Protein chains: 2
Amino acid sequence: MARPQKFDRKKVTEKARDLFWKKGYNAVSVQELAQEMGISRSSFYNSFADKDTVFDEVVASYMPISPCAPLEHLKPGDPVIPAIKKMFLDICKNKVVDPEAKGCLMVNNIAGLDQNNAPMKDILQKRMQDIIELFQSVLVRAVGQGELSPEKDLKAIAMYLITLQAGLCLLSKVCPDETMLCSIAEQGFHVFED
Amino acid sequence: MARPQKFDRKKVTEKARDLFWKKGYNAVSVQELAQEMGISRSSFYNSFADKDTVFDEVVASYMPISPCAPLEHLKPGDPVIPAIKKMFLDICKNKVVDPEAKGCLMVNNIAGLDQNNAPMKDILQKRMQDIIELFQSVLVRAVGQGELSPEKDLKAIAMYLITLQAGLCLLSKVCPDETMLCSIAEQGFHVFED
DNA sequence: ATAATTATAGACAATAGTGTACAAAACCAT
DNA sequence: ATGGTTTTGTACACTATTGTCTATAATTAT
């Protein structure tokens with residue numbers, strides 16, 4: 001009945017994701033964005049309300065490839081602490097091999113967050129909350145499985161882990177040395193000890 | 001003999017610092033920068049080579065007010081570990097009271113770093129190196145004063161501390177809750193234990 | 001095939017940003 | 001007070017970016 005879109009929304013959103021990832025929300029103009037997405041500005045304005053809307057979809061498309069995604073797929077009974085440690089060491093490994101050293105989309109854009117941009121702040125806060133809850137839920141399981149002392153403050157550890165993760169992603173942008181990054185992560189693992 | 005500058009270079013650099021701090025290097029145009037500095041663009045181009053040059057001076061002017069500045073003034077014999085802990089708790093306290101939630105100038109701009117901008121990358125890497133060395137030097141003293149086991153990998157702990165600090169500064173932008181931030185820092189202090 | 005509907009191309013006017021260039025202004029050593 | 005020197009104001013030509021608007025293109029239900 002109506003003319004169909006020439007582009008695949010998912011694909012162009014991934015293009016947008018990579019651009020926002022590399023340059024950050026503020027440094028990307030709508031012009032550049034549309035160009036990178038491979039669509040005209042008119043198509044852009046027609047299909048997306050504005051930069052914010054795209055960014056929201058972009059963050060959603062980042063989640064499955066974010067460093068903590070593997071924790072989502074942890075099955076009951078799977079050892080938790082080793083999975084968390086592996087996640088950190090994978091960050092050290094993976095961030096270093098990116099020739100563009102983009103770091104983490106979330107970290108980069110929280111750092112560049114303009115507090116006057118309420119929608120952006122909202123998007124980022126909500127996603128961070130989700131990640132904290134993910135960490136917390138796996139930590140609960142760790143305690144249940146006897147991997148972690150029940151004395152621990154799980155909320156605090158969850159937030160600590162996301163803090164450490166953010167710090168590591170940041171460091172990777174100026175210190176692309178896997179060994180060094182891993183030694184940082186190892187220091188951070190003291191938190192699991194009794 | 002020659003017409004003197006109408007502006008105080010130090011003062012306008014501080015204005016520039018606050019703008020770069022709040023918005024990040026990439027999001028600041030020369031036009032806006034000059035305006036915020038209170039000088040005309042012609043004065044700007046006349047007195048500063050370019051944005052990069054200003055940014056270099058800006059970072060220099062940030063160091064004395066950066067979160068780790070207090071460690072510079074530690075005297076021999078002063079307890080080190082308590083000073084480091086205090087530094088972290090001060091970050092939690094201070095970042096929260098900033099209504100603009102600017103976070104940390106260094107963290108923000110490393111996150112927004114475009115790897116193609118070699119001069120910027122260089123400026124930021126060098127400063128990070130300085131901070132790591134500062135941490136390391138006070139940790140050496142901590143060991144000397146019996147505050148820390150000589151078994152510890154001081155370089156790794158130094159980098160860990162800067163990582164944690166970066167993470168905290170980042171978190172403060174989306175979680176302006178002092179108690180929460182402090183509980184994160186407390187978790188991080190496990191690194192000092194035997 | 002046609003009508004209805006939506007996507008896209010292209011143009012538009014307006015604003016913002018770039019770096020440079022030149023003349024006017026302001027100082028101070030002599 | 002004048003000359004030499006540097007700052008500063010203004011203007012320039014140029015490019016980038018914005019959001020909107022209109023005409024054309026592409027589809028499908030009937």
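Being a predicted model, the structure only gives us computed values, none of them experimental. Below, chains carry the letters A, B, ... as their sequence lines are ordered, and counting in each starts from 1.
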Peer 1: In residues 11-18 of chain B, which ones come under 4.0 Å of DNA chain C, going by heavy atoms?
Peer 2: none

Peer 1: For DNA chain D, what residues of residues 20-28 of chain B have any heavy atom nearer than 4.0 Å?
Peer 2: none

Peer 1: Please name all residues satisfying ring pair (Phe, Tyr, Trp, His ring centres under 6.0 Å) with B/F55, sequence neighbours left out, ordered by chain then number.
Peer 2: B/F20, B/Y25

Peer 1: What residues form a ring pair (Phe, Tyr, Trp, His ring centres under 6.0 Å) with A/F192, not counting sequence neighbours?
Peer 2: none

Peer 1: Does a side-chain N-to-carboxylate-O contact under 4.0 Å join B/E57 and B/R17?
Peer 2: no

Peer 1: Hey, mind stepping through B/S61 and B/E14 against side-chain hydrogen bond (donor to acceptor under 3.5 Å, both in side chains) and telling me if it holds?
Peer 2: CA-CA 7 Å; B/S61 88; B/E14 280 169 11; 5.9 Å; no

Peer 1: Begin from the C-alpha positions of B/K95 and B/E178 and carry the test salt bridge (Lys or Arg N to Asp or Glu O under 4.0 Å) through to its verdict.
Peer 2: CA-CA 8 Å; B/K95 293 301 173 200; B/E178 184 183 340; over 6 Å; no

Peer 1: To the side chain of B/Q31, which of D/dG19, C/dA16, D/dG9 is closest?
Peer 2: C/dA16

Peer 1: Find which nucleotide of DNA chain D each of B/F7 and A/S29 is nearest to by heavy atoms, and output the residue with the more 5' nucleotide.
Peer 2: B/F7

Peer 1: Roughly, in whole Å, what's the span from CD in B/Q5 to P in D/dT7?
Peer 2: 6 Å

Peer 1: Pull out every protein N or O sitting under 3.5 Å from an N or O of nucleotides 27-30 of chain C, one pair per line with the distance.
Peer 2:
residue, atom, partner, partner atom, Å
C/dC27, O2, B/M1, O, 3.1
C/dC28, O4', B/M1, N, 2.3

Peer 1: Indicate every side-chain donor-acceptor pair of residues 113-121 of chain B with a distance under 3.5 Å to a residue at least two apart or in another chain.
Peer 2:
residue, atom, partner, partner atom, Å
B/D114, OD1, B/N116, N, 2.9
B/D114, OD1, B/N116, ND2, 3.4
B/Q115, OE1, B/K121, NZ, 2.8
B/Q115, NE2, A/K173, O, 3.2
B/N117, OD1, B/M120, N, 3.3

Peer 1: Looking at B/K22 and B/D18, is there a salt bridge between them, counting it only when a charged N and a carboxylate O are closer than 4.0 Å?
Peer 2: no

Peer 1: Just list the side-chain donor-acceptor pairs under 3.5 Å for residues 147-161 of chain B, sequence neighbours left out, or say none.
Peer 2:
residue, atom, partner, partner atom, Å
B/E147, OE1, B/V80, N, 2.9
B/E147, OE1, B/I81, N, 2.9
B/E147, OE2, B/V80, N, 2.8
B/E147, OE2, B/Q145, NE2, 2.9
B/S149, OG, B/E151, N, 3.0
B/K152, NZ, B/V191, O, 3.1
B/K152, NZ, B/E193, O, 2.6
B/D153, OD1, B/K155, N, 3.3
B/D153, OD1, B/A156, N, 3.1
B/Y160, OH, A/Y160, OH, 2.8
B/Y160, OH, B/G188, O, 3.0

Peer 1: Show the atom names and distances, to 0.1 Å, of all donor-acceptor pairs under 3.5 Å that link a side chain in residues 127-143 of chain A to residues at least two apart or in another chain.
Peer 2:
residue, atom, partner, partner atom, Å
A/S137, OG, A/L134, O, 2.8
A/R141, NH2, A/L74, O, 3.1
A/R141, NH2, A/K75, O, 3.1

Peer 1: Any pair with a residue in residues 56-76 of chain B that passes ring-ring contact (aromatic ring centres under 6.0 Å, His included), sequence neighbours left out, goes on the list, sorted by first then second residue, please.
Peer 2: B/W21-B/Y62

Peer 1: Taking only heavy atoms on the protein side, list every residue of residues 32-56 of chain A lying under 4.0 Å from any atom of DNA chain D, sorted numerically.
Peer 2: A/R41, A/Y45

Peer 1: Quick one: list whatever passes side chain to side chain contact (heavy atoms under 4.5 Å, CB included) with B/S29, sequence neighbours left out.
Peer 2: B/Q31, B/E32

Peer 1: Taking CD in A/Q35 as the centre, count heavy atoms belonging to other residues, nucleotides or ligands within less than 6.0 Å. Is the count above 12?
Peer 2: no

Peer 1: Of the nucleotides C/dA9, D/dG9, C/dT18, which one has an atom closest to the side chain of B/V30?
Peer 2: C/dT18

Peer 1: Can I get a per-line list of side-chain donor-acceptor pairs under 3.5 Å for residues 87-94 of chain B, giving both atom names and the distance, sequence neighbours left out?
Peer 2:
residue, atom, partner, partner atom, Å
B/D90, OD2, B/K86, NZ, 2.6
B/N94, ND2, B/D90, O, 3.1

